[in-house]
Structure formats: C-alpha cells, structure tokens
K.L.:
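Take a look at the following structure, please.
Note that these values count all heavy atoms, side chains included, but never hydrogens, waters or copies made by symmetry. No experiment lies behind these values; they were computed from the predicted model shown.
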Amino acid sequence: MRAACLLAAWIPLTAWAPAVMAAARPSPQARIVDSIVARIENDIITLSELRELGAYQQLLDGHSQSDGELRSELIEQWIVNNEANTTRFPLPAETEVDREVTRIQGTFPNAVAYQQRLAAVGLNAEGLRRVVGRQIYLARYVDYKFRSSIQVDDAAIADYYRNHLVPELQAKGQQAPPLEGLTDQIREVLVEQAVSNRASAWFDETKSRLKITLEPMDGLRSGTRASQP
C-alpha cells in the first residue's frame, strides 16, 4: 500500500476480502476452494482478493501490478485494516462509496463502455463497490494516523518550489507561477509525501514482527484453484 495506492487506497479485513469462494462440487468427496497466496498470523490472503485488486487497478489505470506486488499491497492493507478495526475506526458512508463509483464511471465515454470495461477486467458492480469502500477506509485511516503530526514549514515549501516545481515546468517549456499562489498546494503535496513515507516505514517495521508466510503462486492467475476434501 505504497504512495501510489494511498487513494482515499484500501472495510474490515473480515469483510474487505472476498470470502473463500466455494465452486461447484464435482463429487461429494471434493470441493473447489479459493487458493491461499499468503498467511498472516492466524489469517489468510486469498487469490480472489489478489484478482479483485488487480482488476480494480486495470479498471482505473489500464494495467495492474505484478502478482508479487499485489500480494505485498494486500499484506499492507491487512496491517492497516487490523489496526483500524482495533481502534473502531468508522467505515465510509454508502454515499461516499456512491460518489467514488460515480466518479470512476464518469471517466468512461458512456455507460456501455463502462460496463464493457468492468466485464473485461472481471469486476461486477458489487465487487467494485467492495474495493472502493476498502480503499476509502484504509487510505483514510493512514491519513488519520500520520497527518496530524506532520508539519511543513515555509523553508520546505520554498525549497520544493525552487528545486522541483520550477525545473519541472521549465523542462516542459512552461513558466512557473509565483510561489505565493502555490503555497497551499505545495504544502499539501509535501504532507502527502510525508504521510506516505511514514506509512512505508510503519509497514516495514510491522511486517518484521508479524508471522507472514508467502505461498507459491505459479499458475494461480490463470485460474488454477486448490482442491481439498
């Protein structure tokens, strides 16, 4: 759940992950279940979660992270969710989820194109709402956890303007507006960067204390499922 995924990211884990999927039973002695891609403490991350997150990324960006990156993202989401649940952090309102789903739909030319893209990436309306609610919840908790302790002074804003923004605009053949009109925007950028950096350090430290087992994923994305009696 690194910086690019901290969209207002990542619903409690028991709800945000799709439940273990039971498929048709070929015989009374066997059943098909969702595959496990990682174990965290006494919990699991499933292939269906990985697929759903990848499908969501494809819907938004046209591509998704690799399987390994998606699994790492889900592990970090688990960390956030576990703490957010413990603190009883409030879930997003349905109206908030509605707004974000509407915003996503609005990025497509029309409703038909939107529905076709949903089907192409393997998402339905229910799955999209589940992921969107999760992303809002988890990103909001990360922001809540770190933002209040971050201070950005005028010197840092001026440094960013001089050493980052101005050269970037000049490289594009554009002239930078005066700093005075950009102070608030630059401050927000620097705060978001600091939130992301602190979250990354938190993830790394927390993962070092957790019992995490990564399961083999060869062939899983192609539809292979594990069977058990």
Side-chain angles (χ1 to χ4, degrees), residues 1-23 33-38 40 43-67 69-145 192 195-196 199 220-221 223 225:
M1 186 171 173
R2 300 297 178 178
C5 299
L6 290 175
L7 176 131
W10 317 270
I11 293 196
L13 182 66
T14 53
W16 64 249
V20 174
M21 298 189 304
V33 299
D34 200 354
S35 299
I36 297 171
V37 298
I40 309 178
D43 210 341
I44 61 172
I45 291 175
T46 64
L47 176 61
S48 60
E49 297 172 59
L50 187 146
R51 283 176 168 160
E52 190 170 72
L53 179 58
Y56 174 74
Q57 292 179 356
Q58 290 179 45
L59 179 69
L60 265 61
D61 304 324
H63 59 86
S64 69
Q65 296 170 297
S66 68
D67 287 354
E69 290 168 331
L70 289 168
R71 179 166 60 185
S72 294
E73 169 77 7
L74 288 169
I75 289 171
E76 292 176 356
Q77 290 190 9
W78 187 96
I79 291 171
V80 179
N81 183 81
N82 188 60
E83 184 169 296
N85 263 346
T86 300
T87 63
R88 299 182 181 276
F89 194 69
L91 295 173
E94 287 298 312
T95 53
E96 296 176 272
V97 178
D98 292 340
R99 282 196 298 269
E100 179 59 14
V101 170
T102 299
R103 185 197 68 78
I104 293 172
Q105 183 172 355
T107 64
F108 292 85
N110 51 58
V112 173
Y114 170 66
Q115 293 297 333
Q116 289 176 338
R117 185 57 181 163
L118 274 181
V121 302
L123 272 178
N124 56 26
E126 179 184 357
L128 177 61
R129 290 185 63 83
R130 178 167 53 245
V131 181
V132 166
R134 179 196 319 158
Q135 297 293 324
I136 294 172
Y137 179 71
L138 299 179
R140 182 172 294 166
Y141 181 77
V142 169
D143 193 74
Y144 161 81
K145 180 178 176 67
E192 289 180 357
V195 169
S196 180
L220 291 183
R221 289 297 291 279
R225 302 287 173 83

K.L.:
Taking NZ, NE, NH1 and NH2 as the nitrogens, is one of them in Glu100 or Arg103 under 4.0 Å from a carboxylate oxygen of the other?
P.N.:
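So Glu100 pairs with Arg103 through a salt bridge.
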K.L.:
Any idea which heavy atoms bring Ser64 and Gly54 closest together, and the distance?
P.N.:
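Shortest heavy-atom contact: CB-O, 3.3 Å.
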K.L.:
Could you check whether any side-chain heavy atom of Glu69 comes within less than 4.5 Å of a side-chain heavy atom of Gln57, counting everything from C-beta outward?
P.N.:
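Heavy-atom side-chain distance check fails, nothing below 4.5 Å.
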K.L.:
How close do Gly133 and Val97 get, counting heavy atoms only, and between which atoms?
P.N.:
CA-CG2, 3.9 Å
K.L.:
Would you call Lys145 and Glu83 a side-chain contact if the rule is heavy atoms closer than 4.5 Å?
P.N.:
yes
K.L.:
Is the closest side-chain donor-acceptor distance between Gln105 and Thr102 under 3.5 Å?
P.N.:
no
K.L.:
Mind checking the CD1-CG spacing from Ile45 to Leu74? Nearest 0.5 Å is all I need.
P.N.:
5.0 Å
K.L.:
Determine the minimum heavy-atom distance between Ile136 and Glu96, stating which atoms define it.
P.N.:
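Looking at all heavy atoms of both residues, the closest pair is CD1-O, 4.0 Å.
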K.L.:
Roughly how far, to the nearest 0.5 Å, is the CZ atom of Arg117 from the CG atom of Leu60?
P.N.:
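Leu60 atom CG to Arg117 atom CZ measures 10.0 Å (nearest 0.5 Å).
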K.L.:
Once you round to the nearest 0.5 Å, how far does CG of Leu70 lie from CG of Leu50?
P.N.:
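The distance works out to 4.5 Å.
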K.L.:
Do Tyr141 and Asn85 have side chains that get closer than 4.5 Å, going by heavy atoms?
P.N.:
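The answer is no, as the side chains (C-beta and beyond) never meet within the 4.5 Å cut-off.
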K.L.:
Closest heavy-atom contact between Leu123 and Leu128?
P.N.:
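Heavy atoms of Leu123 and Leu128 come nearest at CD2-N, 4.1 Å.
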K.L.:
Less than 4.5 Å apart, any side-chain heavy atom of Leu59 and any of Leu118?
P.N.:
yes
K.L.:
Is the backbone N or O of Asn82 less than 3.5 Å from a side-chain atom of Thr86, with the two atoms forming a donor-acceptor pair by type?
P.N.:
yes
K.L.:
Rounded to the nearest 0.5 Å, how far does CG of Asp67 lie from OG of Ser72?
P.N.:
11.0 Å
K.L.:
Kindly say whether Ala38 contributes a backbone atom to a donor-acceptor pair with the side chain of Arg71 at under 3.5 angstrom?
P.N.:
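Here the side-chain-to-backbone pair does not exist.
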K.L.:
Please examine the side chains of Arg51 and Thr46, heavy atoms only from C-beta on, and report whether any two atoms are closer than 4.5 Å.
P.N.:
no
K.L.:
Fit a plane to each ring of Phe89 and Tyr137, take the angle between them on a 0 to 90° scale, and name the class: parallel (under 30°), tilted (30 to 60°) or perpendicular (over 60°).
P.N.:
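Judged by the thresholds at 30° and 60°, the geometry between Phe89 and Tyr137 is tilted.
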K.L.:
Go through the steps to decide whether Glu192 and Asp143 satisfy the test side-chain contact (heavy atoms from CB on, under 4.5 Å), and finish with yes or no.
P.N.:
CA-CA 8 Å; Glu192 289 180 357; Asp143 193 74; 5.8 Å; no
